[in-house]
Each structure stands twice: as C-alpha cells, then as structure tokens.
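By convention in this document, chain letters (A, B, ...) are assigned in the order of the sequence lines, proteins followed by strands, and residues within each chain are numbered from 1.
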Amino acid sequence: MRYAKAVLTVIILVAAVTSLCAQPEKAGREKVVVGVIGPMAVPEGQAQEKAVKLAAEEINAQGGILGYRITVVVGDTKLDPNTATSEFRRLARVEKADVIIGGFSSGVMNAMMETMAETKTLFLADASSPEHAKKVEQNYEKYKYWFRVSQNNGSTFALDLADMVKFLRDSGYEVRKVYVIRDEHVWTDPVMQALKPLLEEMGVEIVKDVKIPRGYSEYEQLILEAEKLNADVIMPVLAISGTGDILVKQWATLKPNILLAGHDLYAIDAEFYEKTNGMANYEIFIADGGALVTAPPTEKCREFVEAYRAKYGHYPESHQAYGAYDAVYLYKMVVEMAASNGEKDPFDPEVLVRYLERFNASNPARLTRTIAFYDNHDLMWGDNYVRNWISQWQDGKQYIIYPPSVANGELKLPPWIKK
Amino acid sequence: MIETLIQIFLFGAVVGGIWGLVASGFSLIFGVSRILNFAHGSAFVSSAFLVYSLVNYGYNLYFAVLAGLILAAAIGTVVYALTKPVRDREVMVIILTLAFALLVQQVLLILFGDRGVSVQPFIEGVAEIGGLKVTYMRILSLILAVICLAGLDIFITKTKLGKKVMATAQDSRAAMMVGIDIEKIFLLVMVLSSLLAGFAGILYAQILSVNPEVSLKALIYAFAIVILGGLGSLRGSIVASFIVGYILVTTITFLGARWSEFVMLLTIVAILVVKPTGLFGVRE
C-alpha cells in the first residue's frame with residue numbers, strides 16, 4: 001500500500017510535468033495582447049497608436065484572432081533609447097505582449113532591437129536605417145523577430161530621388177544642376193552617398209550640398225544662392241530640421257525659376273497645404289511609407305483613411321499609421337495561417353517568423369500597401385510593392401505623379417517657372 | 001559683391017530687428033523688476049498661433065493680430081501675477097516662469113501638434129534691390145521693428161511714465177519713496193514686454209513659421225542677446241540683436257548654414273570673455 005501511494009504520487013507528478021510541457025507557451029490564453037510603441041508626444045507615435053487601436057477594434061468586431069479579443073497596450077519611447085528599452089521590456093514582460101508594433105527613429109530602434117532579442121518578442125517595426133536589416137543578416141537567430149513594415153530602407157530614398165529627376169526630365173523639364181539642402185544628421189549621409197553616383201550617371205551635377213541644423217529657418221539666402229548657381233532643382237532631403245514648411249513658403253514667395261523637388265517629410269502631412277497657407281502648391285515630394293491620403297494605392301488603404309477620419313476626426317497625421325495598421329492585420333494573417341497548418345502554438349514568435357517570411361516577392365500581402373519582405377526582413381522596395389511614390393501638391397490635394405502604375409495625377413509646373 | 005553686401009545688410013537687419021523686439025522686452029523686465037522671465041517665449045508663439053487660428057476661421061488679419069496682441073498682454077499679466085509673491089526669490093521665479101512656459105508649450109503641442117504654421121503676411125510680393133530679391137514682408141518687418149524699438153526708446157527716455165520706469169529700474173525702493181507705484185510699473189513693463197514679444201512672434205510667423213518649440217528658441221536668443229548687450233541695458237539689447245542678426249547672415253553667406261548658430265554663440269562667448277558685463281552693461 002505504501003509503495004502504491006508512492007507510485008501514484010510519482011505518476012501524478014510526471015503527468016503534471018508532462019502536461020505542462022505539452023501546453024502551448026501561453027496556456028489559458030484569454031486574449032491577444034498587441035503592444036504599440038513610439039514617441040507618443042509627436043504625430044509619428046500618435047498615428048501608430050491610433051492606427052493599431054483602429055485595426056484592433058475592427059478585428060475584435062469580426063471575432064478577434066482565432067476567437068481571442070485583441071487588447072492594445074501602449075509604450076512611449078519619448079525618443080530616448082533608455083526609455084524605449086524600458087518600455088519595450090515592460091510591454092513584453094509585464095504586459096505580456098504577443099507582438100509589438102511601431103518604433104520611429106533609427107537610433108531608438110537600434111536600442112529596442114536588443115530588448116526584442118532578449119525577450120524574443122515579434123517586432124513589426126518602423127524606422128529606416130539600413131543598419132537594422134543588416135543586424136538580421138549578420139545574426140539571424142538573434143534578430144529574426146524584427147520585420148520592417150512601415151517604410152523602406154533609407155538607402156532606397158536615393159533610388160526614389162534619382163527616379164524623380166529622371167521623371168522630371170522625361171516630362172520635359174530639363175535637369176542639369178541640383179542644389180541639395182539636407183538635414184545635418186546621420187540619416188542623410190548614406191542617401192547622399194548613394195544619390196551622387198546615380199545623378200552623375202545621368203549627367204546631373206550637384207552644384208551645392210548644404211547641411212542645415214535642426215530649427216534652421218533662413219532658407220531665402222539658400223534659394224537665392226541656388227538661383228545664382230543656375231540650379232534647375234532645389235532638392236530638400238529633410239526630416240529632422242522641423243522647418244520644411246519654411247523652405248516651401250520662402251520658395252513660393254520668392255518664386256525662383258527652380259523647381260522644389262525632393263524629400264520633405266512635412267509635405268506628406270495631409271494638412272501641410274493649410275498650414276503653409278497654400279504655399280505648398282507645386283512642391284514635389286516623395287511619399288514615405290508608400291501611401292497618401294488623397295491617393296491611396298489600394299482599396300484597403302482607401303477604407304482605412306476614411307475609417308481613421310471617421311474615428312478620430314482627421315486623416316492620419318503621419319505615414320507611420322499605414323504601417324502600424326498593416327502590422328496588426330499581418331499579425332492576424334500569420335497567426336491564422338499557423339493555426340490552419342496545425343501548429344501547436346500559433347502565437348509562438350518562433351513559428352510566426354517563418355510564416356511572415358512567406359510574404360516574399362512572389363507572395364505579397366495586400367493590405368493598405370502591398371507588403372513583402374526580403375530575406376533580411378526588410379520591406380521590399382518597388383513599383384509593385386512599397387516605395388516612396390513621387391507626389392506633388394496641386395491646389396490643396398496630394399497627387400502621386402510617378403510611377404504610372406499608381407499615379408492619379410500628372411506633373412504640373414508652377415506658373416512662374418519659365419523653361 | 002555689392003549684391004552680397006546688400007543681402008547681408010538687409011537680411012541681417014531683419015533678423016536683428018525681430019530678435020530686437022523679443023530681447024528688448026526681456027531686458028526691460030530684468031532691468032526694472034530683476035526678473036529673468038523664462039516664459040517670455042510663450043507670448044512670442046501663442047500670439048502667432050492665435051492669429052493663425054483666427055485667420056483660418058475667416059477673421060480679418062488685422063483683427064486677428066489685435067487679438068494676438070491682447071493674448072500676449074494677457075500672458076504678461078499672468079506671469080506678473082504668478083511671480084509677484086516670489087519676486088524676491090530668483091530661483092523660484094526661474095522655476096515658476098519655466099514651468100509656465102513648458103505648460104504653454106504642451107498646450108500648443110496638444111492643440112496644433114509639433115509642425116509649423118504660417119501666418120498670412122501683411123503684404124505680399126517681392127522687391128528687387130540692386131539685383132537682390134527681397135520680400136516686401138521682410139522690408140516691412142524691418143520698418144515695423146525699427147518703429148517699435150525707437151518708440152520704446154522714446155517712451156522710456158522722454159515720457160513721464162517712461163521716466164518712472166527708469167527710476168524704478170535704477171532703484172525701486174527710492175522710486176517707491178518718491179511716490180511711484182512700483183507694482184503698476186512692474187505690471188506695465190511685463191505687459192509691454194509681452195506685447196513686443198507677441199508682435200515679434202506674429203512678424204516671425206509671417207516671414208517664416210512658428211511651432212511650439214520656437215518658444216524655446218526665442219527664449220535662448222533673447223537670453224543670449226541680453227547677456228551680450230549687458231543685462232538690463234535696453235539699448236545694449238537692441239544693438240546686440242543687430243550684431244547677432246549680422247553674424248548669423250554673414251556666416252550663412254560665407255561659411256555655410258550649418259555653422260550659423262555655432263559662430264553666433266562662439267562670438268557671444270568671445271565678447272563676454274573680453275567684456276564680462278556685456279557690451280553696454282555696468283557692474284552692479
């Protein structure tokens with residue numbers, strides 16, 4: 001009898017341990033926790049939070065993910081790497097987020113990727129530095145949980161800008177000389193490194209490459225200098241300066257015989273025209289993130305911007321909204337794929353990485369944009385995927401003017417340009 | 001070369017004129033009530049944002065400017081009321097005015113976001129002076145700034161009320177003993193200074209644009225200029241504003257945009273090393 005009791009106890013213990021081992025990682029799951037992280041005091045973070053909440057609300061209304069309701073938890077990076085890593089860890093460990101979405105700012109992203117690796121959390125991310133994807137290339141096992149969803153690798157900006165010059169030439173606007181005004185910031189260096197040879201190949205000279213500090217406002221002098229140097233295009237490469245609106249205002253006031261065409265992050269803002277009193281008219285810019293409010297590239301994108309407006313009273317305040325919204329749906333898709341393939345734990349990040357990797361050049365996910373990943377988990381660039389569409393402000397509306405596959409408008413030269 | 005000189009002269013004068021309006025008020029407050037008003041930039045940006053909003057709602061530009069100036073004056077009154085009980089404790093004044101400035105900045109961030117807004121200019125178009133394109137608004141801003149600064153100087157030196165302000169600045173206790181209501185003078189100076197900052201903000205938003213962060217920039221510029229000119233010296237601040245304007249513009253022209261603020265701050269440090277009291281300051 002004594003032996004029988006001991007044997008029974010061992011059997012019960014073994015059974016308990018075995019059953020625990022056989023359980024999925026999150027036994028007794030009641031919900032799906034989606035973390036969103038970003039700088040919540042600025043539009044880039046706010047748009048991500050709103051977009052994730054909107055997607056979660058829509059998915060919950062349709063029954064959630066595999067029947068589990070989505071709960072959204074929010075982390076604020078405050079654009080500080082230390083805060084960002086603490087917040088990421090809190091979302092992963094305390095809030096037990098199944099997936100974390102967002103980011104913004106390459107330096108902050110670098111820091112968060114380390115916490116992601118430590119916590120082995122799936123991270124559907126923003127930010128544009130080529131360094132992030134390089135990490136996945138160099139140490140796949142450690143960084144494989146990272147996927148860039150929001151926007152393309154920053155090195156592709158040079159391809160977009162070169163295409164912009166080529167497009168202007170093909171449209172009859174001769175470009176021989178370009179005057180560059182760019183952020184004095186590390187993100188513009190690889191862009192310029194890649195852009196210079198591309199322009200040289202086309203026989204285009206960079207007559208001056210001016211770096212400006214954050215908050216710089218005296219653009220009039222630069223515009224006058226560009227005019228003196230007979231530039232055909234003033235090409236901003238601006239995201240950090242915070243004063244792209246002043247550049248466009250001074251350009252429209254001085255009306256030089258030069259086009260303003262380049263990367264001006266502020267021009268993407270749907271309210272940019274109003275905020276500049278219409279001075280943004282005719283500015284040519286590239287639409288980061290591959291979507292514009294007035295020129296949505298897919299039907300889902302059209303529905304999204306309208307739903308966003310209906311819920312929040314305004315259109316997305318930043319292009320990060322598209323990526324964050326897509327990320328929630330992408331997560332839902334891979335979890336459901338994993339479940340339908342009989343995976344033991346369809347929420348396991350180790351499993352989901354493999355399913356996310358299935359979205360490649362020949363099998364993209366069609367969401368607000370057409371999403372596919374390279375082997376290093378970078379967002380695929382191209383006319384058929386996501387790229388920074390060449391766009392223009394025309395009478396209060398943003399139009400994509402290149403490539404033809406998505407264009408909904410044509411190039412319009414400002415009336416004061418005589419070429 | 002002549003074109004370059006005209007460019008430096010005109011652009012430097014405009015930049016100097018606008019910062020002169022901000023700095024002169026900052027200097028006046030310190031000179032009279034010995035307060036370092038860290039909320040000075042709040043009037044600068046708030047008035048511009050109000051003008052932007054009212055114009056967008058369809059109000060007349062000049063009505064909107066008037067409303068913007070009233071808001072600036074109201075901010076001056078609030079700062080006066082906040083600092084009155086702690087005026088003798090310098091650190092408390094700094095903390096209080098800085099907290100108020102941050103509060104205003106946060107409110108503006110919530111209402112307008114961190115992107116810049118432009119105010120419709122009083123006058124549009126571009127003039128050509130010696131082959132150089134200059135917007136009419138820049139020229140008008142320079143004229144308005146000079147009128148305001150000259151008016152302020154005349155008010156302080158020639159009018160009875162101005163002389164009371166001067167007397168309070170020189171010795172507030174003595175002024176009180178001869179029957180000057182120094183509290184009224186403190187309030188007047190605070191409102192007047194905020195009005196100047198508010199007007200500068202409106203002009204700034206007409207030529208450039210403002211965002212909530214510009215309040216900090218305005219404060220830093222005002223502080224640097226006032227120290228350069230000599231703490232409490234009104235004329236020193238005005239002269240220093242134009243020096244700063246010319247340094248900025250000359251640096252952009254000859255060295256490049258990236259060096260502009262660096263060279264400006266370096267020059268201020270160099271001048272202060274040689275003359276620690278600033279250009280027009282006197283040892284207390």
Worksheet item: Which bit of B:Leu248 is near chain A, if near means a heavy-atom gap under 4.5 Å: side chain, backbone, both or neither?
Response: neither
Response to the item:
Closest non-hydrogen contact found for A:Glu49 with A:Met40 is OE1-SD, 3.6 Å
Worksheet, complete the sentence: Turns out that what part of B:Gln106 lies under 4.5 Å from chain A's heavy atoms comes down to neither
Worksheet, complete the sentence: Max heavy-atom pairs within cutoff under 4.5 Å with chain B, candidates A:Glu225, A:Arg214, A:Glu271, A:Met279, goes to A:Arg214
Practice prompt. Give a yes or no answer on whether the side chain of A:Asp183 reaches the backbone of A:His185 with a donor-acceptor pair at less than 3.5 Å.
Written response: no
Worksheet item: Given a strict heavy-atom distance threshold of 4.5 Å, which part of A:Gln221 is in contact with chain B: side chain, backbone, both, or neither?
Response: both
Discussion item. Is it the case that the side chains of A:Asn281 and A:Gln394 hold a donor-acceptor pair, with the cut-off being a distance below 3.5 Å and no angle test?
Written reply: no
Fill in: Among A:Lys255, A:Glu317, A:Glu227, residue most engaged with chain B (heavy-atom pairs, under 4.5 Å)
A:Glu227
Worksheet item: What is the minimum heavy-atom distance between B:Val249 and B:Phe11, and which atoms define it?
Response: CG2-C, 3.7 Å
Worksheet item: Out of B:Ile207, B:Val119, B:Ile110, B:Val214, which one racks up the most heavy-atom pairs below 4.5 Å with chain A?
Response: B:Ile207
Worksheet item: With sequence neighbours left out, what residues match B:Phe262 under ring-ring contact (aromatic ring centres under 6.0 Å, His included)?
Response: B:Trp259
Worksheet item: What residue among B:Phe26, B:Tyr246, B:Phe44 forms ring-ring contact (aromatic ring centres under 6.0 Å, His included) with B:Trp19?
Response: B:Phe44
Worksheet item: Looking at B:Ala257, B:Pro121, B:Gly256, B:Ser260, which makes the most heavy-atom pairs under 4.5 Å with chain A?
Response: B:Ala257
Fill in: salt_bridge(A:Lys78, A:Asp80) N-O dist < 4.0 Å
no
Item to complete: Sort B:Thr253 into side chain, backbone, both or neither according to what part of it lies under 4.5 angstrom from a heavy atom of chain A.
Response: both
Fill in: Which portion of A:Lys249 sits near chain B, non-hydrogen atoms under 4.5 angstrom
side chain
Worksheet, complete the sentence: Cut-off 4.5 Å, heavy atoms of chain A, and the answer for B:Tyr204 is side chain
Response to the item:
Bottom line for B:Val126: the part with an atom under 4.5 Å from chain A's heavy atoms is side chain
Worksheet entry | Residue part contacting chain A, namely of B:Val15, when any heavy atom lies under 4.5 Å | side chain
Practice prompt. Give the member of A:Ile212, A:Leu254, A:Asp269, A:Ile223 that has the highest number of heavy-atom pairs under 4.5 Å with chain B.
Written response: A:Leu254
Worksheet item: Using a cut-off of under 4.5 Å for heavy-atom pairs, which of A:Gln46, A:Lys208, A:Glu274 has the most such pairs with chain B?
Response: A:Glu274
Worksheet item: chain A heavy atoms under 4.5 Å from B:Lys133: which part of the residue, side chain, backbone, both or neither?
Response: both
Worksheet item: So does A:Asp189 pair up with A:Arg182, basic N to acidic O under 4.0 Å?
Response: yes
Item to complete: Using non-hydrogen atoms and a 4.5 Å limit, figure out which bit of B:Ala205 sits close to chain A: side chain, backbone, both or neither.
Response: backbone
Fill in: Full working for side chain to side chain donor-acceptor pair (under 3.5 Å) between A:Glu306 and A:Tyr315
CA-CA 7 Å; A:Glu306 291 311 325; A:Tyr315 287 119; 3.2 Å; yes
Worksheet, complete the sentence: Per side-chain contact (heavy atoms from CB on, under 4.5 Å), A:Ile286 is matched among A:Leu265, A:Leu161, A:Asp264, A:Ile268 by A:Leu161
